[in-house]
Novice: 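Before I ask anything, let me first share the structure, which is written out below as structure tokens.
The analysis underlying the following values was restricted to heavy atoms, covering all of them including side chains, and did not include hydrogens, waters or symmetry mates. What you see is a predicted model, and the numbers here were worked out from it, not measured in a lab.
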Amino acid sequence: MLLALALASAACAQDRAAAAPPAVDTWTPDNGNGTFTNPLFQDEFSDPDLIRVGDDYYMTGTTMHAMPGLPVLHSRDLVNWRLLGYAFDRIEMGAEYRLEDGREAYGAGIWAPSIRYRDGTFYIFSNINGYGMQVFSAKDPAGPWQHRSLGGTIYDLSVLFDDDGRIYAVHGYDEVRLIELQPDLSGYVEGSDRVIIPAGNAMGEGHHFYKIDGKYYIISANYAPVGRMQAARADSPYGPYETVVISARETMGTQRGWRVANIDRKTPLPKPGDPIELSDPGSGNAFAAVPLHQGGIVQLPNGDWWGFSMMDVKSMGRTTFLSPVTWADGWPYFGLPGNPGRSPRTWVKPATGIDQPPTPTYQRSDDFAGPGLQPIWQWNHVPVDAKWSLAERPGVLRLHAMGAPHFLLARNSLTQRAIGPESIATTVLDAQGLASGDVAGLGLLNIPYYWLGVVREGQRWRLRFYDQVANRTVEEPLPGPRVHLRVAGDYDTEVARFSYSADGRTFHPIGGELRLAYQLKTFQGVRYALFAFNETGRQGGHADFDEFHVDEPMADRTNNIPAGRVVTVRNLANGTLLWANPHGMLHFAQNDPKATAGRDVRFRIHDRGLGRVALEAMDGSGFLTVLGQGLSADVRLTKTEGDGALFQWQDMLRGQFMLLSLKTNRYLGVDPETEEPYSADWPGAAPDRRNGTVFVWEIAP
């Protein structure tokens with residue numbers, strides 16, 4: 001008996017050790033066990049485009065009005081990415097890009113880029129609203145990049161360097177157009193622009209253009225009535241094209257969050273006091289979501305194909321997801337065999353031949369002691385270089401206050417993307433140098449926006465909090481000019497809270513709970529911002545920030561799979577427990593003491609490598625097993641552990657998970673409204689996670 005207990009204890013320890021990924025303090029999709037969990041980034045990275053050059057992968061995405069722009073990321077395994085730099089430091093297009101004369105470029109700027117490589121040169125093609133197509137080129141993807149403007153009205157574009165030396169760009173919304181570029185990229189071939197897929201054929205926008213095995217493919221995003229990915233195929237770049245849906249309904253269990261209902265890119269920038277109307281599209285609608293859309297595909301050296309796309313993740317913004325691709329009938333379906341169009345949240349890393357360890361993409365915190373800013377920082381519009389410095393007072397970021405009517409028009413606001421699912425940003429502000437009328441501090445740049453800062457009143461300093469939704473100001477006295485400012489955000493519940501401290505140890509809340517939202521004016525998610533401006537409109541003093549630190553409470557996922565542990569498992573949809581009934585089939589028990597009285601509802605989670613698990617019922621009836629791939633994909637308990645007992649654990653965070661059967665490539669689930677047994681034929685989670693496929697585990701008593 002003692003030997004059996006010792007062996008069981010050793011097996012549990014082995015399970016836990018095998019499943020435990022390395023501890024990290026910032027999000028990385030790499031689980032450290034040969035798998036990855038989507039999204040690739042827990043912060044905004046929208047409109048991604050991706051290429052392979054040899055054994056290396058490069059990606060860029062939309063940056064709108066933020067400077068520098070068009071980030072260039074590098075990876076060897078498609079999972080771990082590192083920021084190499086940006087294609088440009090700034091775009092000087094006009095007063096709106098400098099926040100001059102009350103003008104602004106929110107919702108404009110540079111977006112939906114296409115990255116390509118030919119004959120030793122990297123290219124990024126992208127649109128700037130009102131200024132047409134821009135071309136950036138470099139021999140080294142880390143830069144420097146050369147820039148030229150081709151003009152025109154080419155947007156949502158993708159470029160194809162064809163085998164015969166011709167260069168094509170597909171572009172447009174709804175109807176898909178094709179235009180030919182000059183061989184030296186000096187302009188367009190006159191008369192070449194034409195419609196190749198008429199409107200109404202469901203192709204949408206955000207095109208990605210490829211030539212594969214002699215055929216031409218266009219992958220696009222369509223939003224009518226809900227986001228999905230389309231593919232078109234033809235024998236000629238000019239068509240005729242046939243089309244299919246290659247990804248649909250995949251939300252990874254993410255509902256669309258709060259939105260600003262009365263402001264979009266066509267409405268004026270709201271001023272303090274203007275109404276901000278917030279709506280929750282998910283209220284009363286379990287399926288309100290924006291599924292995977294706008295992406296493309298890439299081939300590995302071994303011939304495998306992978307897909308990339310973006311999805312709206314509430315107020316955090318749009319970010320990037322990675323999907324295995326299954327070819328069928330000549331079409332690249334996102335997902336696994338037997339479950340086309342649906343992508344796993346957790347899967348085995350791509351077989352690139354490179355064993356790359358978990359690597360953070362960015363360094364988010366900054367002590368401002370280096371010769372330059374951390375590369376993750378971006379200015380809100382074009383900065384005034386003479387009005388900021390890291391050298392005037394070594395070890396601090398100094399922002400000189402310039403006149404601005406309100407926060408959204410303040411120049412030289414330094415920003416970086418807020419990171420989910422939860423994060424806490426803290427900065428230390430020395431406001432000694434502020435002049436009368438100056439305000440400086442830490443803000444959440446978005447619509448709606450919120451900030452917490454310090455204002456100068458003669459020889460006194462006051463703390464001021466501002467809430468744009470309520471047009472509400474809260475002020476507190478300060479004993480001196482130095483203060484720690486903090487904002488904590490939960491981007492799942494879309495709530496933020498500000499606080500402050502005089503000593504950096506005890507923080508006092510201010511402003512209460514604040515509603516975060518996404519909107520179509522800036523087309524960006526929430527951003528942290530360090531700012532200084534003068535409310536009277538004149539040149540002011542300066543603010544010194546000598547630290548900026550980001551904490552991510554949920555970045556460490558080492559214990560998210562309870563390998564070797566004995567747990568109870570509840571269905572999130574109705575709270576019912578899993579249990580093994582006398583017939584050996586897995587049912588759900590009613591969630592009350594009488595239903596589970598005398599029954600052992602515990603399971604041991606066995607690690608089987610690569611994030612795969614087997615569930616053993618503790619009543620001795622055996623292993624949870626999928627017996628077939630028929631209509632019900634029967635789930636039973638068997639004494640021996642066969643291949644049907646293997647599941648890929650899908651980490652949904654916060655103790656939630658799904659079980660992907662490796663026999664069916666579908667999920668364990670049950671209709672929460674019936675007494676039917678579980679089956680492994682469910683395609684995936686509903687956006688609200690309450691369709692019977694999502695579970696919650698707890699360590700059993």
Novice: What heavy-atom pair brings Asn262 and Pro275 nearest, and what distance separates the two atoms?
Specialist: ND2-O, 2.9 Å

Novice: So Leu408 and Glu104, do their side chains get closer than 4.5 Å, heavy atoms only?
Specialist: no

Novice: Is it true that Arg318 and Asp312 have a side-chain N and a carboxylate O under 4.0 angstrom from each other?
Specialist: yes

Novice: For residues Glu92 and Val382, determine if any side-chain heavy atom of one lies less than 4.5 Å from a side-chain heavy atom of the other.
Specialist: yes

Novice: Would you say Trp377 and Leu397 make side-chain contact, with heavy atoms under 4.5 Å?
Specialist: no

Novice: Do Phe523 and Tyr518 touch side chain to side chain, with heavy atoms closer than 4.5 Å?
Specialist: yes

Novice: Answer yes or no: is there a donor N or O on one side and an acceptor on the other, between the side chain of Asn80 and the main chain of Thr359, under 3.5 Å?
Specialist: yes

Novice: Distance alone, cut at 3.5 Å: any donor-acceptor contact between the side chains of Glu547 and His484?
Specialist: no

Novice: Taking all atoms of both residues into account, what is the closest heavy-atom pair of Asp651 and Thr37, and its distance?
Specialist: O-CG2, 3.9 Å

Novice: Relative to each other, are the rings of Phe407 and Phe533 parallel, tilted or perpendicular (30° and 60° limits)?
Specialist: tilted

Novice: With distance as the sole criterion, is a donor-acceptor pair present between the side chains of Thr558 and Asp556 under 3.5 Å?
Specialist: yes

Novice: Salt bridge between Asp25 and Arg364, side-chain N to carboxylate O under 4.0 Å?
Specialist: no

Novice: To the closest 0.5 Å, what do you measure between CD (Glu205) and CD (Gln294)?
Specialist: 5.5 Å

Novice: Would you list the atom pairs, donor with acceptor, under 3.5 Å between side chains in residues 525-532 and any protein atom, with sequence neighbours excluded?
Specialist:
from, atom 1, to, atom 2, distance (Å)
Arg527, NH1, Gln378, OE1, 3.2
Arg527, NH1, Thr415, OG1, 2.9
Arg527, NH2, Gln378, OE1, 3.0
Tyr528, OH, Ser423, OG, 2.4

Novice: Are Arg411 and Trp379 in a cation-pi setup, meaning NZ or CZ lies under 6.0 angstrom from the ring centre and within 45 degrees of the ring axis?
Specialist: no

Novice: With the threshold set at 4.0 Å, does a side-chain nitrogen-carboxylate oxygen contact exist between Asp490 and Arg654?
Specialist: yes

Novice: Tell me which donor-acceptor pairs under 3.5 Å the side chains of residues 437-453 have, and how far apart each pair is, sequence neighbours excluded?
Specialist:
from, atom 1, to, atom 2, distance (Å)
Asp438, OD1, Asn534, ND2, 2.6
Asp438, OD2, Ala435, N, 2.7
Asp438, OD2, Gly541, N, 2.6
Asn446, OD1, Gln519, NE2, 2.9
Asn446, ND2, Ala517, O, 2.7
Tyr450, OH, Arg515, O, 2.6

